[in-house]
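Taking it in order: structure first as structure tokens, then the write-up.
When a ligand or atom number is given, it counts from 1 through the structure's own listing order.
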Amino acid sequence: ADYNSILVEQRDAVTLVTLNRPQALNALNSEVLRELIAAFAAYDADDGQRCLVLTGSEKAFAAGADIKEMSSQGFADMYASDFFAGWEKVTATRKPWIAAVSGFALGGGCEVAMMADFIIAGDNAKFGQPEIKLGVTPGMGGSQRLTLAVGKAKAMEMCLTGRMMNAEEAERAGLVARVVPAASLLDEALKTAAEIAAMPPLAAIAAKEMVNGTFEQSLSQGIRFERRLFHGLFGTADQKEGMAAFVEKRPGNWTGK
Ligand code: HXC
């Protein structure tokens, strides 16, 4: 497919998507959203692709939703178009994906990073929800996902003051899975993605679905949901193969069946 604001390439079973609006620090406008929806849907539908990495530039993962595109909109415009609702198509991706964050991840940029299954951050990463300084608030799930990730105290402070969290604090607070030197961020993210891509694919989808279940339902429902998905995996060839391979002390050979 032909994209204008993102770059998409395949490296074996890993899809790499790079936000590419350097002139606007990768601010997320409607074109970026449209293209991301298409690229993520293509990834999800492609049996040969098993993990995806979303990244930006060294200076900015993304500096937010595009302020210039939003500035003149009124309530009726926002409500009528259900502005930002398209992001739910990105979060509906069933297969795993990682955000590799270097530089600024602010506002919508931070929110998109938090939509990923997990974040790997360069040591130069900066996360923030500065929307309050523009007279608005997070609008792409940030108030919910940030609070779930780092707890009320830090989430509230960040949303009320707009202060940024650096990579070290973000790791300590549980916002990011791992911090690596900025220069090796993409290599590390692609290596981790390749590791996930080599896993039995149905178990990966199930693991993602059940971890996400924590946030979408109560504990008792979540635990039952986990158990049912776990039971279901015993109907797959890869479960038979994985457990046989362990007993026979050899690597598993996954068919995705
Ligand atoms: C549109 C943006 C932008 C954005 C940067 N640019 N962020 N354009 N939307 N969110 C543009 C600038 O206007 C500028 O364009 C170019 O990118 C380079 O940015 P500079 O500001 O010159 O760079 P620098 O001085 O290095 O500062 C970097 C920065 C700053 C600290 C990240 O750009 C900044 O504060 N950006 C806004 C961050 C923010 O408020 N994000 C939240 C957005 S609201 P020109 O043409 O001048 O070169 C949001 C809402 C979500 O995400 C939901 C609520 C509705």
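- Nearest protein heavy-atom neighbour of atom 38 (C) of ligand 1: A63 O, 3.3 Å.
- Contact annotation for atom 46 (O) of ligand 1: protein present (non-hydrogen atoms, distance under 4.0 Å).
- Regarding atom 54 (C) of ligand 1, its nearest protein heavy-atom neighbour is T137 O, 2.9 Å.
- Considering backbone and side-chain atoms together, L106 places no N or O closer than 3.5 Å to any N or O of ligand 1.
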Inset, instruction - Starting from the C-alpha separation in whole Å, work towards a yes-or-no answer on salt bridge (charged side-chain N to carboxylate O under 4.0 Å, His left out) for E169 and R172. - result: CA-CA 5 Å; E169 182 182 2; R172 204 174 347 114; 5.4 Å; no
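- In terms of polar-atom proximity, defined here as any N/O pair under 3.5 Å, K68 does make such a contact with ligand 1.
- Under the 4.0 angstrom criterion, atom 9 (N) of ligand 1 counts as having a protein heavy-atom contact.
- Summarising the contacts of atom 11 (C) of ligand 1 with A24, S143, P22, the nearest heavy atom is found in A24.
- Near G139, the atoms of ligand 1 lying under 4.0 angstrom from a non-hydrogen atom of the residue are 53 (C), 54 (C).
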Inset, instruction - Please test R145 against M115 for side chain to side chain contact (heavy atoms under 4.5 Å, CB included), starting from the C-alpha separation and ending with a verdict. - result: CA-CA 8 Å; R145 292 197 179 92; M115 290 175 196; 3.6 Å; yes
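- Note on L16: it does not cluster hydrophobically with L54, by side-chain heavy-atom contacts below 4.5 Å among ILVMFWY residues.
- Separation of atoms CD1 (I119) and CZ (F61) is listed at 7.5 Å; rounding is to 0.5 Å.
- Ring geometry for F230 versus F234: interplanar angle over 60°, hence perpendicular rather than tilted (30 to 60°).
- Between E31 and R21, no side-chain nitrogen of the basic residue sits less than 4.0 Å from a carboxylate oxygen of the acidic one, so the salt-bridge criterion is not met.
- A donor atom on one side chain and an acceptor atom on the other are found under 3.5 Å apart for S218 and Q221.
- At least one heavy atom of F84 sits closer than 4.0 Å to an atom of ligand 1.
- Less than 4.0 angstrom separates some heavy atom of L134 from each of these atoms of ligand 1: 40 (O), 43 (C), 44 (S).
- Here the protein heavy atom with the shortest distance to atom 50 (C) of ligand 1 is E131 CG, 3.4 Å.
- Atom 25 (O) of ligand 1 is not flagged as protein-proximal [any protein heavy atom, distance under 4.0 Å].
- Under a 4.0 angstrom heavy-atom cut-off, E111 registers as being in contact with ligand 1.
- Taking CG of L186 as the start and OG of S102 as the end, the distance is 10.0 Å to the nearest 0.5 Å.
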Inset, instruction - Decide side chain to side chain contact (heavy atoms under 4.5 Å, CB included) for V90 and W97; before the verdict, give the C-alpha distance in whole Å, the side-chain angles of both, and the deciding distance to 0.1 Å. - result: CA-CA 10 Å; V90 174; W97 65 282; 4.1 Å; yes
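- The line from CD of E35 to CG of L7 is 9.5 Å long, rounded to the nearest 0.5 Å.
- The shortest heavy-atom distance from Q23 to ligand 1 is under 4.0 Å.
- At least one N/O-N/O distance between G108 and ligand 1 falls below 3.5 Å.
- Under 4.0 angstrom from ligand 1, the non-hydrogen atoms of A65 come from both its backbone and its side chain.
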Legend entry - Verdict with supporting geometry, I120 and V176, side chain to side chain contact (heavy atoms under 4.5 Å, CB included): CA-CA 6 Å; I120 300 180; V176 312; over 6 Å; no
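- Residue contacts with ligand 1 for A27 involve side-chain atoms from C-beta outward but no N, CA, C or O (heavy atoms, distance under 4.0 Å).
- Listed by number with element, the atoms of ligand 1 under 4.0 angstrom from any heavy atom of G107 are 42 (C), 52 (O).
- At least one N/O-N/O distance between K59 and ligand 1 falls below 3.5 Å.
- Considering both main-chain and side-chain atoms, V136 never comes within under 3.5 Å of ligand 1 through any nitrogen or oxygen pair.
- For atom 34 (C) of ligand 1, the protein comes within 4.0 Å by no heavy atom at all.
- No cation-pi contact links K89 to F40, judged by a cut-off of 6.0 Å to the six-membered ring centre and 45° from its axis.
- E157 and K154 are not joined by a salt bridge, as no carboxylate oxygen comes within less than 4.0 angstrom of a charged side-chain nitrogen.
- In this structure, atom 30 (C) of ligand 1 has no protein heavy-atom contact shorter than 4.0 Å.
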Legend entry - Chi angles and distances behind the side chain to side chain contact (heavy atoms under 4.5 Å, CB included) call for E209, L229: CA-CA 9 Å; E209 199 177 355; L229 272 175; 3.9 Å; yes
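- Taking 4.0 Å as the cut-off, L28 does not count as a neighbour of ligand 1 on heavy-atom distance.
- The protein atom (non-hydrogen) at minimum distance from atom 28 (C) of ligand 1 is L25 CD1, 3.6 Å.
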